[in-house]
2 protein chains.
Amino acid sequence: MKVSKIIDVAKKADVSPATVSRVLNGSNLVNAKTKAKVMQAIRELDYIPNNMGKQLRSRKTMTLAVVVSDIRVSYYAEIIKGIENMANSLHYKVLICDAQNQKAKEFEFLSLLMNRTVDALILVTPNLSDEEIAVYADNGYTIGLIGRKIEHPQMPCSFTDNVKLAREVIVHFVEQGHRKIAFLCGYADAMDSQARLEGYMKALQEAGIPYEDDLVDNGDFSEEGGCEAFKRLRSHRSDFTAVFAANDEMALGVYKACAELGISIPDQLAVAGVDNIRLTNYVRPRISSVEQPLYAMGAVMTEKLIDQMNDNVWADKRSFKVDARLVVKESSKGAE
Amino acid sequence: MKVSKIIDVAKKADVSPATVSRVLNGSNLVNAKTKAKVMQAIRELDYIPNNMGKQLRSRKTMTLAVVVSDIRVSYYAEIIKGIENMANSLHYKVLICDAQNQKAKEFEFLSLLMNRTVDALILVTPNLSDEEIAVYADNGYTIGLIGRKIEHPQMPCSFTDNVKLAREVIVHFVEQGHRKIAFLCGYADAMDSQARLEGYMKALQEAGIPYEDDLVDNGDFSEEGGCEAFKRLRSHRSDFTAVFAANDEMALGVYKACAELGISIPDQLAVAGVDNIRLTNYVRPRISSVEQPLYAMGAVMTEKLIDQMNDNVWADKRSFKVDARLVVKESSKGAE
DNA sequence: ATGAAAGCGCTAACAA
DNA sequence: TTGTTAGCGCTTTCAT
């Protein structure tokens, strides 16, 4: 059977294509009777509007792209879900872009914005630099950011207060009586790492504990990387009694290293991580971890972004700093 | 700065728009010299082709939609990654559709196909019935299927040999000396459940063990559901020495129930699951589990689907039955 | 090897 | 409230 177009409906309902379009798009300047006629024709013809034509004419794709480094990582999956659900409820679609941990791929996906495949692009903790990203926003492309903040009048962001986050963990350790606290940081050049290091140092200072350079090392956010970094740390120093890992993967790496080295958690070493992934509740002792509201971060940003595109500008607020909360479990309790 | 279109490039290069289009699309009937001229103009104008125009005219979106019930579940994430990576390497984009476990949403996403937002749709273990899906394929829409098989000349599928999978697990249990083996099945009406039940029964028969109705119960693939189902089972019978759970979540539920009931794994009860999720390696004892090549299933299907759309029909094979492999760990070894 | 011309299917000014 | 008329930006016959 031939697929019908708007002109077919118009003829059958004895109106103009414009009127059909109005009915389709819920314009309120259509007579109820006319509308009924049109609806009838649509039904009889099994008419379904062709989205390609609509896009071209209206210059809108109603589609967002979300770029992450690895879809499989639960951190990203959770954020994507927040984005997708919010987008869908606002009649937007979501293109998924798996950058496979390659900065070059992130760059490639930016072309989706330029060639008008999508109306906006959301970057989740990208490897691109602030400047590289800002260029696009400057050129009028709509970009949203999750997990990082860039000062730009047009770029909505949602991100965690990393200083506060790190501070909270260290305060907790101090309360448990720890004085020598190591920090397994992420990539040295990452924003997050900087901020968390700041929070770490701040909290130490507040507690009157001197900062020591060799109690800090960097990992790559992987279990293996955490394991290695911990061993490295341990080869220099063996007097620390607590470790703050920049994420749970690295905390798991610490667990692995401790198993090998015969270090008992939490008696000889307290451990805490970030993300509060499901796994932290299945290993023994369960890992204390900082939980970020990932789903909400995705959803809020998306709402804001779409709002901005549609010029519903209560342009007051573009930047959402969200609070994380430390979930204390056995890995950091009951220390001496 | 004004954004330029194909006509601007044509003028600047002193050729026709058609020629520019040919260059853009890598047609080989373009003089090398002409091509160079056009490329130069493109560069000078920073010309970027507009995808909306292209789509409308070529009647192709170069986009796939993939429908899953919950993006966050690692089972789906892994498949999606396979799909996305393959699609991308073939210059296709992927729309992500989170059905939030609602059949109604799955239906809604089918409209993406009908209104030409995407060229094809991939359903991953959908809740829709075979008939509901087949209707669309009959009407000429391109649909691919993962985790289920539907006999249809136009519908590529990739799915696991569930009979074999279940058989393998039971054979393993029998080899370990078990004779009373329980089966925590998934939804009673699911394809997979049927097939696995068949494999279970078959293996028992081969081992000369009579099938007993009350050694089988159904769960909902969740940890909680598995826990409950196990307790239910256990309230009728307490003589079985092994449990085969239809997925790892349910196996985790069994672990939970056993912890509550004081049953020791694997000494008093051997356990095995399906999916071999990461968690199975972090609980103690580690859970024996059947691993499916999810990434590959996604990738293969996608390749086939795209191939089919582009009429590269070595139409011989549409159906990919893949083998899963049992990874034996501590939860099912060392039983009496 | 290149160009001219005709749309793909729809919406948005502008008129009426 | 409805219709008329132009395109949105591109590709693709059909000529040449």
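Lettering follows sequence order; numbering is per chain, from 1. Nothing here was measured: the structure is a model prediction, and the numbers come from that model.
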Among the candidates C/dT11, C/dG3, C/dC10, find the nucleotide nearest to the side-chain atoms of B/V15.
C/dG3
If you check every side-chain atom of B/R22, which of C/dC10, C/dG3, C/dA1 has the closest atom?
C/dG3
Examine [N]: is either OP1 or OP2 under 4.0 Å from a nitrogen or oxygen in the side chain of [X]? Give yes or no.
X	N	value
B/T19	C/dG3	yes
A/K54	C/dG9	no
B/R59	C/dG9	yes

Compare all side-chain heavy atoms of [X] with those of [Y] and state whether any distance is below 4.5 angstrom.
X	Y	answer
B/Q308	B/R318	yes
B/N25	B/K54	yes
B/L24	B/I6	yes

Would you mind reading off the distance between [X] atom [atom1] and [N] atom [atom2], rounded to a whole angstrom?
X	N	atom1	atom2	answer
A/N51	C/dC8	CG	P	18 Å
B/K11	C/dA4	NZ	P	12 Å
A/Q55	C/dA12	CD	P	13 Å
A/L29	C/dT11	CG	P	15 Å
B/M114	C/dG9	CE	P	17 Å
B/N28	C/dT2	CG	P	12 Å
A/K60	C/dC10	NZ	C1'	14 Å
A/I6	C/dC10	CD1	P	5 Å

Taking for B/L56 and for B/D14 the nucleotide of DNA chain C with the nearest heavy atom, the one nearer the 5' end belongs to B/D14
Where each residue is assigned the nucleotide of DNA chain C containing its nearest heavy atom, which of A/A18 and A/G53 is assigned the position nearer the 5′ end?
A/G53
With a 4.0 angstrom cut-off to heavy atoms of chain B, pull out the first and last contacting nucleotide of DNA chain D, in 5'-to-3' order.
D/dG9 to D/dT13
So that I can tick it off, tell me whether B/R72 and B/D98 are bridged by a salt bridge, with the cut-off set at under 4.0 angstrom between side-chain N and carboxylate O.
no
Which word best sums up how the rings of A/Y187 and A/F221 line up, parallel for under 30°, tilted for 30 to 60°, or perpendicular for over 60°?
perpendicular
Rounded (10°) bend between the five-pair end axes of the helix from C/dA1-D/dT16 to C/dA16-D/dT1
30°
[X] and its side chain to side chain contact (heavy atoms under 4.5 Å, CB included) partner, picked from [options]:
X	options	result
A/V15	A/V30, A/V23, A/T34	A/T34
B/L110	B/L128, B/N115, B/V67, B/V135	B/L128
A/I122	A/I143, A/T302, A/I80, A/T142	A/T302

Tell me what A/N25 touches on the nucleic acid: a base, only sugar-phosphate, or nothing, going by heavy atoms under 4.0 Å.
sugar-phosphate
How close do B/L112 and B/A65 get, counting heavy atoms only, and between which atoms?
CD1-CB, 4.2 Å
To check you understand the geometry: which heavy-atom pair defines the closest contact between A/A87 and A/I306, and what is its length?
CA-CD1, 4.3 Å
